[in-house]
Protein chains: 2
Amino acid sequence: MFSKATEYALRATIYIAQKSSVDNKLSIHEIAKAIDSPVSFTAKILQLLTPGNKVISAVRGPKGGFYITEQSKKLPVRAILIAMGESKILDKCVLGLNKCSEAKPCPMHSQYKNIKQQLISLFETKTIQQLAEDIDGGIAFLNSKKG
Amino acid sequence: MFSKATEYALRATIYIAQKSSVDNKLSIHEIAKAIDSPVSFTAKILQLLTPGNKVISAVRGPKGGFYITEQSKKLPVRAILIAMGESKILDKCVLGLNKCSEAKPCPMHSQYKNIKQQLISLFETKTIQQLAEDIDGGIAFLNSKKG
DNA sequence: ATAATTAAAGACAAAGTTATCTTTAATTAT
DNA sequence: ATAATTAAAGATAACTTTGTCTTTAATTAT
Ligand code: FES
Ligand code: FES
């Protein structure tokens, strides 16, 4: 569904939301280890989420690292997708027509659009915080390898 | 959702189902033009669907080309996905965990699985023939550019 | 038989994605 | 000030996907 980059962005953001605070920033090494992702690549990806503290915040230097504001925790998952430039996939035609439209629909459109709408709703209503709470509560995981 | 290759495979197969018969085979040029895809790349892709006449049939030489049997028209869309090696995407975790499972679910799993199940059902129940009929009836299209 | 036509097969090229490594800049602690 | 620490920035490499082009094989028509 999503690129590796977006998968890492989602997992990293959820992990940061679960573990960090302004007084307890997380290093890229800790994050990458926790979500089982390549360190340098994850660092690159997080750079897409930090400008203007749009999704997550970063500070350099000792005691620096990544954290997320209470405000940003309330953002929907869709905010991450937008920052990653992947929100277009929810507009795309499942058969690859240039435009997904009612005017010139592909033969899967009439049934696919309902499913797509559910995906959009899910990404628009679920917040980063809600996902982090599931990790915190031990009912969900960000890493297949360890608990 | 799918790779370009799979999108072309789906559109090409539906077009062949709509237009061809054993007595009226279609050239790769006609197919690629009709579905607005690169000719040579589409030829390569169709080679994945022909072995054993699994999905479509091809014959070389004059009056040769591609066609599809009545039997194959009744195949579900999923048959094309399997031939293209894309059926795994319906098993994948939306956050990229190694396994999508109830035992160790990601925090999107509980809601995403329902949507995923609808997608699987759609691809398992919709047949190539049904999609071709929508093109034939003029209520759906395989090409954004022309009618 | 020969020539013409068509898909199959294979080599190759271009572009995009994923990943690593090195250097730079910002911040903190001494 | 200096050194240590951390993310940012940039260069580059490996791999995958997408796409093109040429040669080969099969089939038909003459
Ligand atoms: S036109 Fe294909 S999904 Fe809407
Ligand atoms: S575990 Fe993530 S979708 Fe099932």
Side-chain angles (χ1 to χ4, degrees), chain A residues 1-13 15-16 20 22-33 35-68 83-86 88-89 92 96, chain B residues 1-13 15-16 20 22-33 35-68 83-86 88-89 92 96:
Chain A
M1 166 128 239
F2 298 122
S3 67
K4 283 280 173 201
T6 296
E7 290 174 355
Y8 297 152
L10 291 164
R11 300 217 300 276
T13 302
Y15 181 74
I16 293 166
S20 81
V22 186
D23 301 322
N24 182 30
K25 306 188 191 75
L26 310 178
S27 76
I28 188 63
H29 299 277
E30 174 181 349
I31 295 166
K33 192 178 176 192
I35 68 170
D36 190 26
S37 68
V39 178
S40 293
F41 190 39
T42 307
K44 269 283 185 297
I45 292 161
L46 292 191
Q47 290 179 26
L48 299 170
L49 305 178
T50 49
N53 295 334
K54 192 160 36 177
V55 180
I56 61 179
S57 305
V59 299
R60 291 196 264 202
K63 301 287 176 186
F66 296 91
Y67 68 99
I68 187 168
M84 294 299 297
E86 285 231 48
K88 65 184 176 304
I89 82 152
K92 275 182 26 180
Chain B
M1 165 126 239
F2 297 121
S3 67
K4 283 281 172 199
T6 297
E7 290 174 355
Y8 297 151
L10 290 164
R11 300 217 299 276
T13 302
Y15 181 73
I16 293 165
S20 81
V22 186
D23 301 320
N24 182 30
K25 306 189 192 73
L26 310 178
S27 76
I28 187 64
H29 299 279
E30 173 182 349
I31 294 165
K33 192 178 177 192
I35 69 171
D36 190 27
S37 68
V39 178
S40 294
F41 191 38
T42 306
K44 270 280 183 301
I45 292 161
L46 292 191
Q47 289 180 25
L48 299 171
L49 305 178
T50 49
N53 296 332
K54 191 159 41 177
V55 180
I56 61 181
S57 305
V59 297
R60 292 196 264 201
K63 302 287 177 186
F66 296 91
Y67 69 98
I68 187 168
M84 294 299 297
E86 284 230 48
K88 66 185 176 301
I89 83 151
K92 274 182 27 176

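Since this is a predicted model, take the numbers as computed values, not measurements. Each chain gets a letter, A, B and so on, in the order its sequence line appears, and its residues count up from 1.
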Expressed in angstrom and rounded to an integer, what is the separation of B:Gln47 atom CD from C:dG10 atom C1'?
-> 10 Å
A:His29 NE2 to C:dC21 P, in whole Å, measures 12 Å
For the side chain of B:Ser27, counting heavy atoms from C-beta on, which of D:dA7, D:dA4, C:dA7 is nearest?
-> C:dA7
All heavy atoms of B:Ala83 vs all of B:Leu48, minimum pair found to be CB-O, 4.1 Å
Minimum heavy-atom separation for B:Ala9 to B:Leu49, with atom names?
-> CB-CD1, 4.1 Å
Whole-Å distance separating the NZ atom of B:Lys63 from the P atom of D:dA29 = 7 Å
Spacing between B:Leu48 atom CG and D:dT17 atom P, to the nearest angstrom | 12 Å
Can B:Glu7 and B:Lys4 be counted as an ion pair, charged N to O under 4.0 angstrom?
-> yes
What is the distance from CD1 of A:Ile45 to P of C:dA19, rounded to the nearest Å?
-> 8 Å
Could you state the atom-to-atom distance from CZ of B:Phe2 to P of D:dT17 in whole Å?
-> 15 Å
Is any side-chain heavy atom of B:Thr6 less than 4.5 Å from a side-chain heavy atom of B:Met1?
-> no
Just call it for A:Ile56: base, sugar-phosphate, or nothing, with non-hydrogen atoms closer than 4.0 Å on any strand.
-> nothing
Is C:dT2 paired to anything, Watson-Crick or G-U wobble with both distances less than 3.5 Å, and if yes, which nucleotide?
-> D:dA29
Do A:Leu10 and A:Met84 come within less than 4.5 Å of each other through their side chains, counting heavy atoms only?
-> no
Compare side-chain N and O positions of B:Tyr8 against OP1 and OP2 of D:dG19 and report whether any pair is under 4.0 Å apart.
-> yes
In terms of the nearest nucleotide of DNA chain C, which residue is placed more toward the 5' end: B:Arg60 or A:Gly61?
-> B:Arg60
Testing D:dA11, D:dT28, C:dA9 for proximity to the side chain of A:Lys44, the answer is D:dA11
If you check the B:Pro38 side chain, which of D:dA8, D:dT5, D:dT20 turns out closest?
-> D:dT20
When you match B:Ser3 and A:Ile28 each to their closest nucleotide on DNA chain D, which lands nearer the 5' end?
-> A:Ile28
Pairing partner of C:dT23 (Watson-Crick or G-U wobble, both distances under 3.5 Å) = D:dA8
Looking at C:dT18, D:dA7, C:dA8, which one has an atom nearest to any side-chain atom of A:Phe41?
-> C:dT18
Residue-phosphate contact under 4.0 Å: B:Thr50 side-chain N/O, C:dA7 OP1/OP2 | no
Value in whole Å for how far the C1' atom of C:dA26 lies from NZ of A:Lys25 = 13 Å
Toward the 5' end of DNA chain C, by each residue's nearest nucleotide, A:Pro62 or A:Thr42 = A:Thr42
Where the side chain of B:Ala58 is defined as all heavy atoms beyond and including C-beta, which of D:dA7, C:dT27, C:dA8 is the nearest nucleotide?
-> C:dA8
Calculate the interatomic distance between B:Lys4 atom NZ and D:dG19 atom P; express it in whole Å.
-> 7 Å
Please say which of A:Val59, A:Thr13, A:Ile31 ends up in a side-chain contact (heavy atoms from CB on, under 4.5 Å) with A:Phe66.
-> A:Ile31
